[in-house]
There are 2 protein chains.
Amino acid sequence: MNVVFDALSHPIRREVLELLKRGGMTAGELADHFPVSKPTMSGHFAKLKSAGLILGENRGGTILYTLNLSVLEEAVMGFMNRVRTGQSTSAQSASAKTCPPKGETA
Amino acid sequence: MNVVFDALSHPIRREVLELLKRGGMTAGELADHFPVSKPTMSGHFAKLKSAGLILGENRGGTILYTLNLSVLEEAVMGFMNRVRTGQSTSAQSASAKTCPPKGETA
DNA sequence: TAGCTATTTAGCTAATACGCTAAACAACAA
DNA sequence: TTGTTGTTTAGCGTATTAGCTAAATAGCTA
């Protein structure tokens, strides 16, 4: 929880997560989207990774980062549920099906 | 957005929001829940207030803080929607009815 | 007025975070 | 081997944050 919200506190890191919603991207591709140096971006990736928000798959020479949405859902939705209704502190129900996500499936 | 996620990055501030879900509390009552000094808590309140997450009503001598849930909803759910589907950046639909809230209460 | 309670402001220290450049490491190509 | 590309690590400077104590401010009561 703590580490997730910490990771979310920086706008670049939040934007990285948004970029990754479309699918995997390499560290270099991601870095090209931001006006900071690659070492700085590497630090952001490390923070996101250690929070469990992204996964890094080493593909010989390049690293493919992908979004780990379930960790984000569990932490954020768990907190929101707690603030809204004060129920469980464990957020167990929030991970997979936060809510029927639109007109989705139902 | 930025300022909201910044405010959410500290565990004490998140817990303050949770405490306030039941209704208003004075600065002193809130401070009594945490093992830090009152001036330190005052700083946390200031940050939450400037993010719009809480409102402070001055009641002669004491200050009643209340949760401003809609700001929290808009920022957090807006971000979640953006990460999930990449749609609007304004989160208009997220503020009021996030989802049918469990089997809770009922 | 003085005195009491509640809360914030001022001023400080220590820790953390963010950014940079330079260097190192890893994998591949020639 | 050397070179090239992609990425991270090391080291540093500065800004921000979190905590503290002490003092100031605001409102009440006597």
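Reminder, nothing fancy here: chain letters follow the sequence lines and each chain counts from 1. Keep in mind the model is a prediction, meaning the values are calculated, not measured.
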Using a cut-off of 4.0 Å on non-hydrogen atoms, how would the nucleic acid contact of [X] be classed: base, sugar-phosphate, or nothing?
{"X": "A/Thr62", "result": "sugar-phosphate"}
{"X": "A/Phe34", "result": "nothing"}
{"X": "A/Lys47", "result": "sugar-phosphate"}
{"X": "A/Asp6", "result": "sugar-phosphate"}

Between [options], spot the one nearest the side chain of [X], thanks.
{"X": "A/Ile63", "options": "D/dT7, C/dT8, C/dC20", "value": "D/dT7"}
{"X": "B/Pro39", "options": "C/dT9, D/dT7, D/dG19", "value": "C/dT9"}
{"X": "B/Ser42", "options": "C/dT9, D/dG19, D/dT7", "value": "C/dT9"}

Would you say A/Arg13 places a side-chain N or O within less than 4.0 Å of OP1 or OP2 belonging to C/dC18?
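Result: yes.
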So, is A/Lys38 near the phosphate of C/dC20, with a side-chain N or O under 4.0 Å from OP1 or OP2?
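No, no such contact exists.
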Within the distance-only criterion (no hydrogens, no angle test), does the side chain of A/Arg13 pair as donor or acceptor with the backbone N or O of A/His44 below 3.5 angstrom?
no
Please check this pair: side chain of A/Glu74 against backbone of A/Val71, looking for a donor-acceptor N/O pair closer than 3.5 Å.
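Answer holds: no.
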Nearest whole Å is fine: how far is [N] [atom2] from [X] [atom1]?
{"X": "A/His44", "N": "D/dT8", "atom1": "NE2", "atom2": "C1'", "answer": "14 Å"}
{"X": "B/Met41", "N": "D/dG19", "atom1": "CE", "atom2": "C1'", "answer": "12 Å"}
{"X": "A/Glu29", "N": "D/dT5", "atom1": "CD", "atom2": "C1'", "answer": "14 Å"}
{"X": "B/Lys49", "N": "C/dT7", "atom1": "NZ", "atom2": "C1'", "answer": "11 Å"}
{"X": "B/Asn2", "N": "C/dC18", "atom1": "CG", "atom2": "C1'", "answer": "14 Å"}

When the nearest nucleotide of DNA chain C is assigned to A/Asn58 and to A/Pro35 on a heavy-atom basis, which residue is associated with the more 5' position?
A/Pro35
